[in-house]
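Nothing fancy with the numbering, it's 1 onward along the sequence. The model shown is predicted, which means the values in this text are computed figures rather than measured ones.
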Amino acid sequence: MDRGGALCAELHALELQDWDFQVVPSLDAARRTLAAGSASVGLVVFDSVSSWLEREIEALIAHHDIEWIALLGQGLLRSGAVPASTLRLFHDFHSMPLDRERLQFSLGHAYGKVQFCSRESEPPQVGGRYGMTGTSPKMLQLYRQLDKVVAVDAPVLIGGESGSGKELVAHAIHQHSARAHGPFIAMNCGAIAPSLIHSELFGYERGAFTGATQRKVGNIEAASGGVLFLDEIGDLPLDLQASLLRFLQEKMITRVGSTERVKVNVRVIAATHVDLARAVADGRFRQDLYYRLNVLHLHVPPLRERREDIPRLAEAVFADNRHQKSSQVKGFSSEAVRTMVDYPWPGNVRELVNRVQQAMIMSEHKFITAADLGLPSAEGEVVAPTLEELRASVEREVIETSLRKYRNNVSETARQLGISRVTLYRMIDRLKIIL
């Protein structure tokens, strides 16, 4: 973007090969050009303190996934007039008059980064099966069990902690079985008042009780030809357990207020986060119903037992909710990923989804941090610098000292250091040294 055309003339004077420049005079024109999707790298000229409104520039950069380079008028960088927060949004910045070799290198680096990141920004290839994410040993075992479960029509009992994905497993069984074209009816036995569960399960006739103004088909009958998913089956009252057992034995139901027996063809999948075997021993769950439901048993592992799946899960949640994220948020910081892997996740996948969705909306950073996720990062942990970090620190100190000594004369600095100007420019770019 250039208001006065000075940039266009200077770029042509530099004779940069293989680059096509489209100069626009305003932010509105830039938005129209970027909407066409023809640009990979953007150049913004700051020829004075008031060149562009800081907020508008930040909004433009945040809304378009291209790399940006700032071109600063003479003396503007040293004056501190351009806020550091704005400069941090740019891939690189150059002081005018422009140096051809350095700008050529900077453009090439920015363009290459765009090409690479465009592949990375495509929807992630989520490893897993049955609509689930994960390639850990525990998930691979679950997939192998599902291969057998979907091929038959027997009742299934799914165990696992709250939030681990039991209903997702039930959906997978339905969608990959012979009943895929039938209904999937879900009912949480712990979320319905005990006095209402019977009528919710079996339905009722008009006039069966006060308020029954018309016939209601119960969940069992509504699931005929498909799957009835009974979540938190361990919370089902004992008297209802007897009625459910009778249905599983006879495949018949009787609506409340009726004497007519209705035959129903339905597969029952139940889920629980409690140990039903112990509940049976404690007299809180009928043993005969337990054996009827537990013909096939699946266990969904908690998230802490498949930590290697956490980065993929987080990326999948990010991709699924991309439409509602803050415009500047591009992904996760490495610190956030490490923290997620180390966190015990007491709420399992449900908690991960909640934290990631909230961070995507509320984060004020380009990359989501551990703090954005509401997770504690490792504090007070001192990490020894690597050899590469130490080398970079020494190189930066030597180059910055030499540049100050020769008043930012790159040619003289390179000569004194015994390297070429091109090599020095590459080191300056790599080490993020400000000229």
*Should the heavy atoms of other residues, nucleotides or ligands under 6.0 Å from CZ of Arg430 be counted, would the total exceed 12?*
yes
*First locate atom CG of Leu157, then atom OH of Tyr291, and finally report the distance between them rounded to the nearest 0.5 Å.*
12.5 Å
*Grab the two heavy atoms, one from Phe285 and one from Ile233, that are nearest each other, plus how far apart they are.*
CE1-O, 3.5 Å
*Work out which heavy atom in Arg306 is nearest to a heavy atom in Ser136; give both atom names and the distance.*
CB-OG, 3.2 Å
*asked:* Any side-chain to backbone donor/acceptor pair from Lys166 onto Gly159? Under 3.5 Å, distance only.
replied: no
*Would you find a donor on one side and an acceptor on the other, under 3.5 Å apart, between the side chain of Glu335 and the backbone of Ala370?*
yes
*Would you call Asp147-Arg129 a salt bridge at under 4.0 Å N-O?*
yes
*Side chains of Asp309 and Thr133: closer than 4.5 Å at any heavy-atom pair?*
no
Pair up each side-chain donor or acceptor in residues 359-369 with any protein partner under 3.5 Å, not counting sequence neighbours, and list the distances.
unit_1: Ser363; atom_1: OG; unit_2: His365; atom_2: N; d: 3.1
unit_1: Ser363; atom_1: OG; unit_2: Asp372; atom_2: OD2; d: 2.8
unit_1: His365; atom_1: ND1; unit_2: Asp372; atom_2: OD2; d: 3.1
unit_1: Thr369; atom_1: OG1; unit_2: Ala371; atom_2: N; d: 3.4
unit_1: Thr369; atom_1: OG1; unit_2: Asp372; atom_2: N; d: 3.1
unit_1: Thr369; atom_1: OG1; unit_2: Asp372; atom_2: OD2; d: 3.1

*Where do Asp92 and Ser106 come nearest, in terms of heavy atoms and distance?*
OD2-OG, 2.9 Å
*Stepwise, does the ring-ring contact (aromatic ring centres under 6.0 Å, His included) test hold for Tyr204 with Phe209?*
CA-CA 9 Å; Tyr204 54 80; Phe209 50 82; 4.8 Å; yes
*Decide side-chain contact (heavy atoms from CB on, under 4.5 Å) for Leu71 and Val44; before the verdict, give the C-alpha distance in whole Å, the side-chain angles of both, and the deciding distance to 0.1 Å.*
CA-CA 6 Å; Leu71 306 182; Val44 180; over 6 Å; no
*Under the 3.5 angstrom rule, does the side chain of His176 hit a backbone N or O of Ala172 as a donor-acceptor pair?*
yes
*Gap between atom NE2 of His297 and atom CG of Leu276 - 0.5 Å precision*: 9.0 Å
*Mark yes when over 12 heavy atoms from residues, nucleotides or ligands other than His94 sit less than 6.0 Å from its NE2; otherwise mark no.*
yes
*Point-to-point distance, once rounded to the nearest 0.5 Å, from CG of Leu107 to CZ of Arg102*: 11.0 Å
*Do Phe332 and Phe318 make the cut of ring centroids closer than 6.0 angstrom?*
yes
_Exam field: side chain Asn348 to backbone Arg350, donor-acceptor pair closer than 3.5 Å_ = no
_Verdict with reasoning, Lys216 to Glu200, per side-chain contact (heavy atoms from CB on, under 4.5 Å)_ = CA-CA 9 Å; Lys216 174 182 170 61; Glu200 286 293 319; 3.7 Å; yes
*Arg255 side chain to Phe202 main-chain N or O, any donor-acceptor pair under 3.5 Å?*
no
*asked:* Restricting to side-chain contact (heavy atoms from CB on, under 4.5 Å), what partner residues turn up for Glu250, sequence neighbours left out?
replied: Arg246, Met252, Arg261
*Residues two or more places apart in sequence or in another chain: which of them pass side-chain contact (heavy atoms from CB on, under 4.5 Å) with Asp342?*
none
_Side-chain donor-acceptor pair present, His174, Arg179, cut-off under 3.5 Å_ = no
*asked:* Check this for me: does any side-chain nitrogen of one of Arg31 and Asp28 sit under 4.0 Å from a carboxylate oxygen of the other?
replied: yes
_NZ/Lys251: more than 12 non-hydrogen atoms of other groups inside 6.0 Å_ = yes
*Over all atoms of both residues, closest heavy-atom pair of Ile173 and Val150*: CA-CG1, 4.0 Å
*So which heavy atom on Val317 is nearest to which on Gln357, and how close?*
CG1-CG, 4.4 Å
_Applying side-chain contact (heavy atoms from CB on, under 4.5 Å), can you list everything that pairs with Arg355, at least two apart in sequence or on another chain?_
Tyr343, Trp345, Glu351, Leu373, Leu375
_Sequence neighbours excluded - side-chain hydrogen bond (donor to acceptor under 3.5 Å, both in side chains) pairs with any residue from residues 181-199_ = none
*Return yes if some donor-acceptor pair links the side-chain N/O of Asn321 with the main-chain N/O of Gln324 below 3.5 Å, else return no.*
no
*asked:* Please report the interatomic distance CD1(Ile197) to CG(Leu244), rounded to the nearest 0.5 Å.
replied: 11.0 Å
*To the nearest 0.5 Å, how far apart are OG1 in Thr413 and CZ in Arg404?*
11.0 Å
*Taking atom CD1 of Ile66 and atom CG of Leu34, what is their separation to the nearest 0.5 Å?*
5.0 Å
_Holding to side-chain contact (heavy atoms from CB on, under 4.5 Å), I want the full list of residues that pass it with His171, two or more places apart in sequence or in another chain._
Glu167, Gln175, Phe184
*What heavy-atom pair brings Leu142 and Pro301 nearest, and what distance separates the two atoms?*
CD2-CD, 4.5 Å
*In terms of side-chain heavy atoms, does Ser224 have a donor or acceptor partner in Asn265 at a distance below 3.5 Å?*
no
